[in-house]
Amino acid sequence: MTQTGTNNTTAAKPKQLGGLLLAQGLITEQQIEEALTWQREHGNTKLLGEVFIELGYVTADQVTEVLAEAYGVPYAKVTPKIADPRIVEMLPREFIEKHDVLPLFHVQGKLTVALPEPSNVFLIEEIERLVGCPVQIVASTAADIRATLQNHLPSANVFVIDEIVDDVNPDDFSVVERQVTDLSDIEEVAGQSPVVKLVNHLIYSAVHEGASDIHIEPDEGRLRVRYRVDGRMFEKMRPPAAMQAAIVSRIKIMANCDISERRVPQDGGIHVMLDGRPIDLRVSTMPGKFGEKVVIRVIDNTNICVSLEKIGFNPDMLVRFREALHQPHGIMLVTGPTGSGKSTTLYSMLSEINDEDVNVCTVEDPVEYNLMGVNQFQVNEKAGFTFAGALRALLRQDPDIIMVGEIRDVETAKIATQAALTGHQVLSTLHTNDAPSAVTRLINIGVEPFLIAASLRGILAQRLVRKICSHCKQEVEPTALQRKAAAEALGGDIDVFYAGAGCPKCRNTGYSGRLGVFEFLSMSDQVVGLVTEGAGLQKIRAAAAADGFVHLRRDGMEKVQAGLTTVDEVLYATAG
């Protein structure tokens, strides 16, 4: 890739690269001018080759291949399979990551290295100095180099899941016919191809089927693998029971857990590259009667940055919610049981209010998703780094917006309240059944009612319901009980009800994906007055209703009326 500049090695390259691509018939003169104009308008922040690629005129492979030919070096399409992990370790990891260099082979005293910029003589000289031998250069795209490095960097704990097919037959993995008991045997079998292939397939298919968790469950004489999709469990396969120890050991090796310890629970993490994007896997093992049960939490960062419009808010509630969210200070709470989507909503809120001119910090247990431009900190109870301690320290970090993963105790609650009263915006969660109950919960924790009234800006309660599959959606006749439940919540009848008939796209469940059901308690003057007085829940609910409060079940039935979900789903999610 090339760019303009004062350095003698790059000053003439824009025309050179353009001419090379033009000579190959890959671009036109007009496209060269358009790329140079684009580069100037954007402050020369991108190399010319990158501009050509971004504008869609050429691919990264085409640019790299043309440059390789111009500088008289070979072009190589590198993959994890052609790189030797032992050779990668010849260069310091920091150097490799900084410069996107990939050591490939060390033959007869010469090191072959892949570079995205074959003309960088200073970098080549530095590599030769570090390895103490001559260097042979091949040109490769930066994307291919990074993907290979993610597979081979020492101690990176990153795995590339590739060449996996969806039609894997569990019978293919029945080669392990004996019960493995010796630790060295377990480690050997865990590295054998059938076990590796099976574990890769489980991860691959879980991500592509939208599973949030993988459960590997041993029982007497059998091994069951189940996925949690859209909040519900279903059986994926039953591998041979004799593979249980090897499968668990393979997962432990990937997660940097101790494979020799099978008597106590363990936790670990795996970073996977799948389809060119990073997937985080959180591993938990638990010793049981018939062996260790493993649960793998699948955390796909591509699914977290959802706009507030797409979460499921109705328009009126979204307007009220945004008004409270954009207040310069105060506490915004998200409540609901485990698995109700609170984290997704919090991250969506952060994405909405995050900006270059504010300092956004989070305290989480654990950090579930990485957010660009947000300072994220993970508590460590064993080391004494608690929510309260982290929050106290964070207030000395000059934050504007603070997200606390959960308010669990009086100390954290009081610090969060004081932060809100001293000009900070605080986002957090509580485990309560509905929005008004959050006020009672804070009082029970030990926060004074007048402090709650002064600091709270809004409380959102939520649940998740499954959406009707769009591929098999059809009109249905509801039961008398379903029609009655909908009418009671809405105050009127629904004309048409829908449900999914079941099809291969939704695994014959009739549902695909989920959306939120919400209720939002905004702190009107009347509600604030009642909270200050320590009034009961019924009075707070009555005051909220007078101010347009929509409870969870009504919001859910409105989504039934819109044909998005079913009565049974809403009743299930809002029970109690």
Side-chain angles (χ1 to χ4, degrees), residues 1-5 7-29 31-36 38-39 42 44-84 87-88 90-91 95-105 107 110-128 131 134-153 160 162 273 275-277:
M1 310 259 176
T2 60
Q3 65 178 4
T4 57
N7 191 299
N8 291 334
T9 64
T10 60
K13 285 185 192 173
K15 291 183 180 178
Q16 181 184 11
L17 176 61
L20 291 169
L21 294 171
L22 186 64
Q24 295 282 344
L26 297 173
I27 59 173
T28 64
E29 291 184 359
Q31 288 175 329
I32 294 175
E33 293 302 320
E34 290 173 353
L36 291 170
W38 190 99
Q39 190 182 46
H42 290 78
N44 292 320
T45 56
K46 286 184 179 290
L47 307 178
L48 189 61
E50 294 174 324
V51 176
F52 285 138
I53 295 167
E54 180 153 329
L55 294 176
Y57 297 159
V58 290
T59 66
D61 290 286
Q62 289 172 324
V63 170
T64 306
E65 193 167 359
V66 165
L67 285 175
E69 182 180 348
Y71 289 108
V73 301
Y75 166 76
K77 181 73 175 176
V78 299
T79 68
K81 291 184 176 181
I82 70 171
D84 188 337
I87 302 304
V88 172
M90 290 185 67
L91 284 172
F95 182 86
I96 287 175
E97 292 179 324
K98 179 179 179 181
H99 297 288
D100 285 336
V101 300
L102 175 64
L104 292 171
F105 319 111
V107 180
K110 180 178 289 188
L111 178 67
T112 300
V113 180
L115 299 176
E117 175 52 273
S119 68
N120 194 336
V121 292
F122 301 109
L123 179 59
I124 297 170
E125 290 175 357
E126 181 65 11
I127 294 172
E128 290 180 334
V131 298
V135 170
Q136 168 69 43
I137 297 301
V138 299
S140 301
T141 66
D144 287 344
I145 290 174
R146 289 170 191 152
T148 304
L149 288 173
Q150 285 168 331
N151 193 51
H152 290 311
L153 277 180
V160 176
D162 59 359
M273 289 299 297
D275 293 341
R277 71 182 193 274

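Every heavy atom of this structure was used, including side-chain atoms; hydrogens, water molecules and symmetry mates were not.
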Self-check item: The single option from N120, D100, I124 passing side-chain contact (heavy atoms from CB on, under 4.5 Å) against L115
Solution: I124
Practice problem: Return the minimal non-hydrogen interatomic distance between P116 and H99, and the atom names on each side. | Solution: CD-O, 4.4 Å
Quiz prompt | V78 versus I145, closest heavy-atom pair with distance | solution = CG2-N, 4.0 Å
Self-check item: Spacing of OG belonging to S140 relative to CD belonging to E65, to within rounding of 0.5 Å
Solution: 10.5 Å
Quiz item: Distance from E29 atom CD to E34 atom CD, nearest 0.5 Å?
Solution: 12.0 Å
Exercise. Please report the shortest heavy-atom distance between L111 and P103, naming the atom on each side.
Key: CD1-CB, 4.2 Å
Quiz item: Heavy atoms, side chains only, cut-off 4.5 Å: are I127 and L123 in contact?
Solution: yes
Exercise. Mind listing the closest non-hydrogen atom pair of A68 and Y75 along with its distance?
Key: CB-CB, 4.0 Å
Practice problem: Can you measure from CD1 (I53) to OG1 (T64) and round to the nearest 0.5 angstrom? | Solution: 6.5 Å
Practice problem: Can you measure from CD (E33) to CD1 (I27) and round to the nearest 0.5 angstrom? | Solution: 10.0 Å
Quiz item: Which heavy-atom pair separates V73 from P118 by the least distance, and what is that distance?
Solution: CG2-CB, 3.7 Å
Exercise. For residues D144 and L102, determine if any side-chain heavy atom of one lies less than 4.5 Å from a side-chain heavy atom of the other.
Key: no
Quiz item: So how far is it from Y71 OH to E117 CD, rounded to the nearest 0.5 Å?
Solution: 6.0 Å
Quiz prompt | L21/I32 under side chain to side chain contact (heavy atoms under 4.5 Å, CB included): CA gap, chis, key distance, verdict | solution = CA-CA 9 Å; L21 294 171; I32 294 175; over 6 Å; no
Practice problem: Report the distance from atom CD of E50 to atom CD of Q39, rounding to the nearest 0.5 Å. | Solution: 9.5 Å
Quiz item: Is there side-chain contact between V66 and E69, with heavy atoms separated by less than 4.5 Å?
Solution: no
Quiz item: Does the side chain of Q62 reach to within under 4.5 Å of the side chain of F52, using non-hydrogen atoms?
Solution: no
Exercise. Could you check if a side-chain atom of Y57 sits within less than 4.5 angstrom of a side-chain atom of V63, using non-hydrogen atoms only?
Key: no
Quiz item: Is there a side chain to side chain contact (heavy atoms under 4.5 Å, CB included) between L55 and Q31 once you walk through the steps?
Solution: CA-CA 9 Å; L55 294 176; Q31 288 175 329; over 6 Å; no
